[in-house]
Amino acid sequence: MSAQSIVPTPRTAFIRDVREGLGNSGEKWLPSSYLYDEIGAALFETITLLPEYGLTRADARLLELHSSQVADSLRAPLIVAELGSGSGQKTRWLLEALTERGPLDYYPIDISRAALVKCRGELGRIGGVRMQEIESSYLPGLSKVLSRRRRGEAVLVLFLGSTIGNFDRAAGQAFLTELRSQLAPGDALLLGTDLVKPVDQLLAAYDDSTGVTAAFNLNMLARLNRELGADFALRNFTHAAIWNGEHRRIEMHLRSARKQQVVIRDADLKVNLEAGETIWTESSYKYETNEVRQMARRAGFECHAQWTDEAWPFTESLLIAQ
Ligand code: AVI
């Protein structure tokens, strides 16, 4: 077997990423995708219910109000592909509006089987919707969907909930460009993006008074203990949410309360942390509406419509591939 044909299993990739993020001498970090094991996903669901975290409710409000306008802007027959399986009501509004114009194929794409099972439970019985789950990461999953496309079918891709905000800006741009390259002219992307808002509102959203976001963040270390035989003492770390004004992003960190050494057995790694030193676990970039339009244009889309929630600045952009 050549080195190139060795595809890392999720576990070897996990170990490699942990070594890369914690084994270097510079700033320590862990990829935010590892926040979402089963416990992390449940904690995130709880975050979406918190009074301080208005993002998910704003996304849902916009879809409830504007789903029929989205449907009126698209031609049938239509395939809908959702990147990250939809959680219930907000995708339901869209699918119901779209099926008024005829039956459609709906493909939720998610790396997590549990998320897809939940999605079937929530959206599997809408009249006129033929649903087929794709267990995959986003772009390879989209390419699978597109390989099934029949002549004359248009495609609507949903990328909701500001997941794009968890990419850095360059990676977000590259992702949109790659996504556009898979589509044909006239296909559409509905993109949800969280907007810049007052700093105290953002800090409360990412460091809520109930401590759910802190638990979500600390679960990253608990996961390393469970899955890689690490010995993180969780009480020696605190959650920190920091607004980085230069990059317009919220950063989540885990701050070491003391000088300590942690052993990660299965990664064969000893990590030395100074008191106050942090492990950077997530960035959540915030956008301006015109910036979303520019980014879309650079990727080869034209913005057909943009709807913004006033109560929690968040925007839904309907982008058409040129
Ligand atoms: C999934 N993503 C859009 C969330 C966000 O707001 O960046 C993840 C999150 N992290 C802490 N709270 C929510």
Side-chain angles (χ1 to χ4, degrees), residues 3-21 29-45 59 79-87 90-91 105-120 122-123 131-149 155-183 187-193 216 219-220 223-224 227-228 281-285 295-296 299-301 319 321:
Q4 277 182 355
S5 69
I6 300 172
V7 179
T9 62
R11 185 175 165 81
T12 54
F14 190 18
I15 290 173
R16 180 200 62 207
D17 291 345
V18 166
R19 283 207 185 115
E20 204 181 316
W29 56 276
L30 288 166
S32 62
S33 54
Y34 293 117
L35 290 164
Y36 298 89
D37 65 348
E38 216 177 319
I39 296 175
L43 287 165
F44 176 66
E45 282 294 309
D59 195 16
I79 292 179
V80 179
E82 180 159 20
L83 309 183
S85 66
S87 56
K90 62 185 177 180
T91 307
D105 293 299
Y106 169 56
Y107 296 94
I109 301 168
D110 207 295
I111 208 156
S112 150
R113 184 168 301 175
L116 291 169
V117 168
K118 195 158 172 251
C119 183
R120 172 154 294 272
E122 274 157 1
L123 302 170
M131 173 166 166
Q132 211 171 320
E133 299 88 330
I134 306 281
E135 193 177 331
S136 167
S137 52
Y138 298 150
L139 294 178
L142 181 60
S143 119
K144 257 186 223 163
V145 171
L146 294 173
S147 69
R148 298 175 188 184
R149 160 190 218 163
V155 173
L156 168 64
V157 180
L158 307 177
F159 197 30
L160 305 173
S162 202
T163 304
I164 194 153
N166 297 129
F167 296 125
D168 69 36
R169 276 179 222 280
Q173 179 71 62
F175 184 85
L176 282 192
T177 304
E178 171 63 24
L179 196 160
R180 164 63 191 89
S181 75
Q182 292 198 25
L183 299 177
D187 288 341
L189 166 66
L190 186 64
L191 178 69
T193 324
F216 172 65
N219 177 57
M220 177 82 100
R223 180 176 184 181
L224 265 64
E227 294 183 25
L228 299 182
T281 50
E282 187 187 60
S283 296
S284 194
Y285 284 80
M295 183 166 76
F301 291 97
L319 310 174

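Just so you know, residue 1 is the first one in the sequence shown, and it goes up from there. What you see is a predicted model; the values in this text were computed from it and never measured. Reckoned from all heavy atoms, side chains included, excluding hydrogens, waters and symmetry mates.
Nearest heavy atoms, Y285 versus S283: CE1-CB, 3.7 Å. What you find for Y138 and G84 is that their closest heavy atoms are CE2-N, 3.2 Å. Annotation for A115 and S112: closest pair N-OG, 3.0 Å, computed over non-hydrogen atoms.
The shortest distance between side-chain heavy atoms of F175 and T163 does not fall below 4.5 Å. The closest side-chain heavy-atom distance from S136 to I111 is not below 4.5 Å. When side chains are defined from C-beta on, V18 does not count as touching E227, because their heavy atoms never get closer than 4.5 Å. When side chains are defined from C-beta on, I134 counts as touching R148, because their heavy atoms get closer than 4.5 Å. For the pair R11 and L228, the minimum side-chain heavy-atom distance is below 4.5 Å. Residues L142 and Y107 fail the side-chain proximity criterion, which asks for heavy atoms closer than 4.5 Å. Proximity of T177 to R180: side-chain heavy atoms (C-beta onward) are nowhere separated by under 4.5 Å.
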Going through the distances and angles, do C119 and M131 end up as a side-chain contact (heavy atoms from CB on, under 4.5 Å)?
-> CA-CA 10 Å; C119 183; M131 173 166 166; 3.7 Å; yes

Show your working on side-chain contact (heavy atoms from CB on, under 4.5 Å) between L156 and L190 and close with a plain yes or no.
-> CA-CA 7 Å; L156 168 64; L190 186 64; 4.3 Å; yes

Could you walk me through whether V145 and V155 pass the side-chain contact (heavy atoms from CB on, under 4.5 Å) test, one step at a time?
-> CA-CA 10 Å; V145 171; V155 173; 5.9 Å; no

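Relative ring orientation between Y36 and F216 is described as perpendicular, the plane-to-plane angle rising above 60° on a 0-90° scale split at 30° and 60°. Ring pair F167/F159 is tilted by interplanar angle, where 30° to 60° counts as tilted.
A distance-only check finds a donor-acceptor pair linking the side chain of Q182 to the backbone of S143 [under 3.5 Å].
Rounded to the nearest 0.5 angstrom, L30 CG and M220 CE are separated by 5.0 Å. We find the CG-CZ distance between L191 and F301 to be 8.5 Å, quoted to the nearest 0.5 Å.
Both tests hold for R223 against F14: distance to the six-membered ring centre under 6.0 Å, angle to the ring axis within 45°.
K118 has no carboxylate O lying under 4.0 Å from a charged side-chain N of D110, or vice versa, which leaves the two without a salt bridge.
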